[in-house]
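Reading through the structure tokens given below for one structure.
Numbering of ligands and ligand atoms starts at 1, following listing order. These numbers come from a predicted model, not from an experiment. Computation of the quantities below employed the complete heavy-atom set of this structure, encompassing side-chain atoms and omitting hydrogens, waters and symmetry-equivalent molecules.
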Amino acid sequence: MAWSLGPIYNAAMLIRKAPDIRYSEVTPKSLYLRRREFIQGATGAAAAAAAALLPSRASGQGGLPKLPNVRKSAYSTTETPNDYDDITSYNNFYEFGSEKDEPQFFARRFVTRPWTVRVEGLVTWQGMYDIDSFIKPHALEERIYRLRCVEGWSMVVPWVGFPLANLIKRLEPLPSARFVEFVTLYDPSQMPGQKVPILQYPYVEGLRMDEAMNPLTILAVGLYGEVLPNQNGAPIRLVVPWKYGFKSIKSIVRIRFRDTQPRTTWAIDAPNEYGFYANVNPNVDHPRWSQATERRLGEFRRRRTEMYNGYGEHVAHLYTGMDLRKNF
Ligand code: MTE
């Protein structure tokens with residue numbers, strides 16, 4: 001995605017590393033760790049003090065609070081999930097930096113409690129909801145999903161969450177609601193990336209109502225059985241596994257039911273490159289690169305990308321009769 005930066009960034013782009021290579025893969029570990037110290041230092045003594053208060057990693061994958069009563073889901077892939085460290089250190093979260101290894105550091109002090117989600121638009125139960133009461137009615141499931149990024153890499157992630165459909169049913173949309181729009185927090189004081197004019201903020205995404213109601217679509221609140229790390233979209237983010245990763249919007253503060261298609265962040269940035277549907281499709285190339293193959297994080301050889309990221313049996317019917325070259 002960083003490829004679509006404006007001309008002002010072109011010089012910097014020329015010396016960028018390939019987008020699917022981790023900083024830690026091309027950098028000796030000692031240097032990498034020193035850079036970590038540097039970034040910690042740069043964010044000040046307060047950050048170091050806050051880091052010292054974080055629970056030790058020994059208690060779990062990330063040392064974050066465990067989520068209780070998580071049941072397994074039949075929708076999970078049997079493929080092996082990527083390591084916790086990979087999933088939490090190779091992130092796209094532009095609000096916290098446009099390099100993959102930046103969000104893990106710059107989101108460290110991100111405050112996710114208290115947190116409210118505003119529900120508005122064409123829906124019966126409009127209002128401001130405290131995040132914990134918002135999540136509480138829903139049984140949590142582990143959903144191990146493939147995530148295919150539009151940039152050409154993929155990973156397998158054991159999310160914890162619940163079907164978006166369950167929430168939508170409780171909120172009772174009006175019959176005129178045809179789309180759902182999601183908005184990320186806008187707070188440049190916490191999100192340094194929002195001070196840089198790479199994208200228009202707040203980040204906005206959207207789904208057609210039938211996509212939102214599909215049983216594969218979830219709101220994720222956890223990862224590897226624990227609370228979601230900040231860099232992965234705490235406290236609540238969308239996950240739509242048959243679409244390119246940019247549809248899976250993070251750190252949601254607003255859900256709006258609409259009768260018109262929302263204008264979404266990447267489509268505003270480059271409408272000819274990032275469509276509203278963004279279904280994973282190896283037959284429709286991105287204007288500047290092929291989408292036929294992908295590199296799974298942790299693997300060397302590229303693998304073939306599957307139509308709808310391999311979830312066609314659950315979602316292909318949503319698009320019958322549509323020209324997927326026009327509706328990319
Ligand atoms: N949500 C917000 N608010 N900001 C972002 O920059 N990046 C998207 C998506 N959600 C993004 C976002 C992209 S491009 C991808 S691939 C996924 O988040 C990455 O999710 P992950 O970091 O948890 O793997």
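By the criterion of a heavy-atom distance under 4.0 Å, neither the backbone nor the side chain of Glu151 is placed next to ligand 1. Only the side chain of Arg237 comes within 4.0 Å of ligand 1, counting heavy atoms alone; its backbone N, CA, C and O stay farther away. Only side-chain heavy atoms of Thr184 come within less than 4.0 Å of ligand 1; its backbone N, CA, C and O stay farther off. With a 4.0 Å cut-off on non-hydrogen atoms, Phe93 touches ligand 1 through its backbone as well as its side chain.
If you number the atoms of ligand 1 from 1 as listed, the ones under 4.0 Å from a heavy atom of Cys149 come out as 16 (S). Shown in contact with Asn232 at under 4.0 Å from a heavy atom are these atoms of ligand 1, numbered in order with element: 21 (P), 23 (O). Atoms of ligand 1 lying under 4.0 Å from any heavy atom of Glu95, numbered from 1 in the order shown and given with element: 2 (C), 3 (N), 4 (N), 5 (C), 6 (O).
Contact check on Glu151 versus Arg295 returns no salt bridge, with no Lys/Arg side-chain nitrogen under 4.0 Å from an Asp/Glu carboxylate oxygen. Looking at Glu79 and Arg146, a side-chain N of the basic residue comes within less than 4.0 Å of a carboxylate O on the acidic one, giving a salt bridge.
Relative orientation of the Tyr277 and Tyr319 rings is perpendicular, given thresholds of 30° and 60° on the angle between their planes.
Aromatic rings of Tyr94 and Trp266 (six-membered ring for Trp) have centroids within the 6.0 Å cut-off, being under it. Between Phe328 and His286, the gap from one ring centroid to the other reaches at least 6.0 Å. A ring-centre distance under 6.0 Å is found for Phe93 and Phe96.
The shortest N or O to N or O distance between Asn92 and ligand 1 is under 3.5 Å. Between Ser248 and ligand 1, an N or O atom pair is found at a separation short of 3.5 Å. At a 3.5 angstrom cut-off on N or O pairs, Trp159 does not count as close to ligand 1. Checked against a 3.5 angstrom limit, the closest N/O atoms of Gln231 and ligand 1 fall outside it.
With hydrogens and angles left out, the side-chain atoms of Arg237 and Ser248 include no donor and acceptor closer than 3.5 Å.
The main-chain N or O of Leu216 is found under 3.5 Å from a side-chain atom of Tyr145 such that the two form a donor-acceptor pair.
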